[in-house]
Protein chains: 2
Amino acid sequence: MRAVKAPRVDCPVTAKALDSEWVERFPGLSRLEPETKELLLTRGKIVTMPQKAVIFGPGNSPENMLFLLDGTVRVQQVSETGHEIVLYRINAGESCVLTTACLLAYDDYSAEGIAETDVQAAAVPRQMFDDLVARSSSFRNFVFAAFSKRITDLFLIIDEVAFQRIDVRLAHKLVELAKGRDTISATHQMLSVELGTAREVISRQLQEFQRRKWVELSRGTIKILERNKLEGLAKRSD
Amino acid sequence: MRAVKAPRVDCPVTAKALDSEWVERFPGLSRLEPETKELLLTRGKIVTMPQKAVIFGPGNSPENMLFLLDGTVRVQQVSETGHEIVLYRINAGESCVLTTACLLAYDDYSAEGIAETDVQAAAVPRQMFDDLVARSSSFRNFVFAAFSKRITDLFLIIDEVAFQRIDVRLAHKLVELAKGRDTISATHQMLSVELGTAREVISRQLQEFQRRKWVELSRGTIKILERNKLEGLAKRSD
DNA sequence: TTGCGCTATGTGACTTTGTCACTGAGAGAC
DNA sequence: GTCTCTCAGTGACAAAGTCACATAGCGCAA
C-alpha cells in the first residue's frame, strides 16, 4: 500500500547562465510586449532540478512561480489514508502558477510536485509575477488560460474517479502513457497511483487485458499488442 | 438515475437600481483603492435570478463575472453517464471568477451553476474585469485567493471521492447541510448528487444511521438525533 | 553458482459500493 | 376517494477495494 517516497532532495536550485531565449518557448509568452519579455529575461532565474526531486510538497511552499523549460513535473495528492493519486502533469511550456498560487494561499494542502525527469525551469519571484499580471494583458491571458486548463482537468478527474469504470480508465491511461510507442515502463503500483486505485485492481485488470491478448506483461513493463482495442474501450469515457 | 433537470430559465438578468454599497460586502473588495471601488460601483450592474435558474451551463457561457451579493449558487458536474456530483457552492461575498474563467476558455466543460435560492449578484463585464486585475493589486489578491480556495476544494473532493468511505462522507455532509439546525430538507436523491453516488447507497446508509438512532427519517427530511456520533464518524476524514 | 534480499506480481476470501429491476408508500390534484 | 407523481425500500448481483499472504524475477555478494 504505502508507496515508496521519493527522497526529499530539497530543490537544489542551481542557477545557470541566462538562456535569453526561453520566453520564446512558451506559446503564451512569445507574444508578450517586448518590454515585458525583457523583464522576464533579465529578472527570471533559470534553475534545474534532478529527477525525483520534490519541487514542492507539504510544508514546502515555493518562493517562486516556475515556468517549465524542459522535463515534466508530476503533481499528486497524498491522502491521509495513505492513498495517492496523480492529479496532473506540468510539461515544458507550461507553468506551475496554479499550484503555486494554492500553496501560497493554503499551506495545509496535501499535493506535492515531483520531477519526473531532470527539469529545467525559469523561476519568477512572486512580486515580479504580480507585476507582470498588472502590466501585461497577454501575460494575464496566459495565466488565466493556465488556471482554466487545470481546473477543467480537475473537473474531468473528478468525473472519472467518481463515475468511470476502472477498465475504461486503465485502457485510457495505458494509451496515454504509451505516447505512441508500444511498450510502457511502469509497475502496477505506479499505474494504481495514476488512477487512484489499488495495485491488486490494476494487476487483475491487466491480466484480463493480457488474457484477451491486448497486452503482454512482464516485470515492470507492459507491451501493447492491440492498441485499437484499448482505444475502443477507452473511448467510452471521452 | 436520471436526475430531474431544473428548468432552463435562461438567466433573466433583471437590472435593478444600483445598490451603491455592495462592494463593501466583499471582505476582499472593501479594501480596494477608492477609484477601483468607484469603477465597480458605476459600471457593475446588479442582477437578480430566481431560485432554480440555470446561471451557466453547457453551451451557455456567461458574458459577465458575477459577484454574489445574496443567495447561493450550486456548481455541479453532469457526467456523460448521466451521473451528477456537486462540486462546490458560491455564497454571498464570493465570486464566480473561477468557473467563469473556465467557461470562457473551454466551452466543452460540463459544469453547470444553479441558483439554490433567489440570487442577487453584481455583474462585471469581462473587459472591466481584466481592467481591474491590471489596476488593482488588492483585486488581484481577491481573484487569486478565490482561485486558490476553489482549487484546494477540488483537491479535497478528489481525495474524498477516491479514498473516503461513503458512511464517513455522508455523515460529514449531513452535519454540513444541517448548518447547526437539527433537521435537513433533502431527498436521498439530492444527497446522492452531493456525494456523487447512487440513491440506493444513500438510502441504505441512512437506514443504518437510523438503526443506530443517530437520525430519524421521513419523506424529504432527515432529523439529526445524535450530532456527536455523526461528527465522530465524519472526523475520520478531516 | 548459489543463495539473499528486495521489489513486483498473483491469488483467494471477504467487504464495500454500485447497478438493476422492481415494489410499495406518501402526498397533492382532481 | 382515486390518480399520479415522487420518494424510499429491497434483493440479487456485479464491480471495486481490502487484507493477508504466496510466489516470482532480478541484482548482487559470498
Side-chain angles (χ1 to χ4, degrees), chain A residues 1-7 79-85 159-171 173 183-211 215-223 233 236-237, chain B residues 1-7 52 79-85 159-171 173-174 183-211 215-223 233 236-237:
Chain A
M1 162 58 52
R2 291 274 35 198
V4 185
K5 287 266 188 171
S79 168
E80 291 183 348
T81 59
H83 291 111
E84 294 175 279
I85 183 170
D159 191 282
E160 284 189 6
V161 170
F163 305 131
Q164 292 291 331
R165 289 177 51 104
I166 203 75
D167 52 355
V168 173
R169 296 176 60 207
L170 179 57
K173 185 58 74 174
T183 60
I184 301 167
S185 288
T187 65
H188 300 183
Q189 171 66 44
M190 288 159 72
L191 291 171
S192 74
V193 171
E194 291 287 335
L195 302 185
T197 181
R199 197 261 314 157
E200 296 93 319
V201 173
I202 298 293
S203 291
R204 282 197 267 260
Q205 203 57 59
L206 283 174
Q207 284 175 60
E208 173 61 20
F209 288 166
Q210 187 173 40
R211 195 190 62 72
V215 302
E216 195 178 287
L217 304 177
S218 56
R219 189 185 170 91
T221 67
I222 296 150
K223 184 167 179 182
L233 184 56
R236 297 187 203 165
S237 82
Chain B
M1 162 56 51
R2 291 275 31 199
V4 183
K5 288 265 188 173
K52 294 188 185 174
S79 169
E80 290 182 348
T81 59
H83 292 111
E84 295 175 279
I85 182 170
D159 190 282
E160 284 189 8
V161 170
F163 305 130
Q164 291 291 331
R165 290 178 51 103
I166 203 72
D167 52 354
V168 173
R169 295 176 60 208
L170 179 56
K173 186 56 77 175
L174 288 177
T183 60
I184 300 166
S185 288
T187 66
H188 299 183
Q189 171 65 43
M190 288 161 71
L191 291 171
S192 76
V193 171
E194 292 286 336
L195 302 185
T197 182
R199 199 261 313 157
E200 297 92 319
V201 173
I202 298 293
S203 292
R204 281 198 271 260
Q205 204 56 61
L206 283 174
Q207 285 173 60
E208 173 60 18
F209 287 168
Q210 187 173 40
R211 195 189 62 71
V215 302
E216 197 177 286
L217 304 176
S218 57
R219 189 186 170 91
T221 66
I222 296 151
K223 184 167 179 182
L233 184 57
R236 296 184 204 170
S237 82

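Letters A, B, ... mirror the listed sequences (proteins, then strands); counts begin at 1. In this text the structure is predicted, and so the values were computed from the model without any measurement.
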Contacts of B:Thr221 meeting side chain to side chain contact (heavy atoms under 4.5 Å, CB included) (sequence neighbours excluded), chain-then-number -> B:Ser185, B:Ser218

Distance-only donor-acceptor pairs under 3.5 Å for side chains of residues 194-202 of chain A, two or more places apart:
unit_1, atom_1, unit_2, atom_2, d
A:Glu194, OE1, A:Arg89, NH1, 3.3
A:Glu194, OE1, A:Lys173, NZ, 3.4
A:Glu194, OE2, A:Arg89, NH2, 2.5
A:Arg199, NH1, A:Ser203, OG, 3.4

- Message: Under 4.0 Å, heavy atoms only, any strand: does A:Glu200 hit a base, just the sugar-phosphate, or nothing?
- Response: base

Using atom names, set out every protein N or O paired with an N or O of nucleotides 26-28 of chain C below 3.5 Å, distance rounded to 0.1 Å.
unit_1, atom_1, unit_2, atom_2, d
C:dG26, N2, B:Arg219, NH2, 3.3

From the list B:Gln205, B:Arg204, B:Arg211, side-chain hydrogen bond (donor to acceptor under 3.5 Å, both in side chains) partner of B:Glu208 resolves to B:Arg211

Whole-Å distance, B:Glu216 CD to D:dA8 P, equals 15 Å

Smallest heavy-atom separation, B:Asp167 atom then B:Leu233 atom, equals O-CD2, 3.7 Å

note: A:Leu191, atom CG; C:dT9, atom P; distance rounded to Å ~ 9 Å

To the nearest angstrom, the CD1-C1' distance between B:Ile202 and C:dG18 comes to 12 Å

For B:Phe163 and A:Glu84 the tightest heavy-atom approach is CZ-O, 3.4 Å

Between A:Gly196 and B:Ala186, the residue closer to the 5' end of DNA chain D by nearest nucleotide is B:Ala186

Which of C:dT17, D:dT10, C:dT9 is nearest the side chain of B:Arg165? It is C:dT17

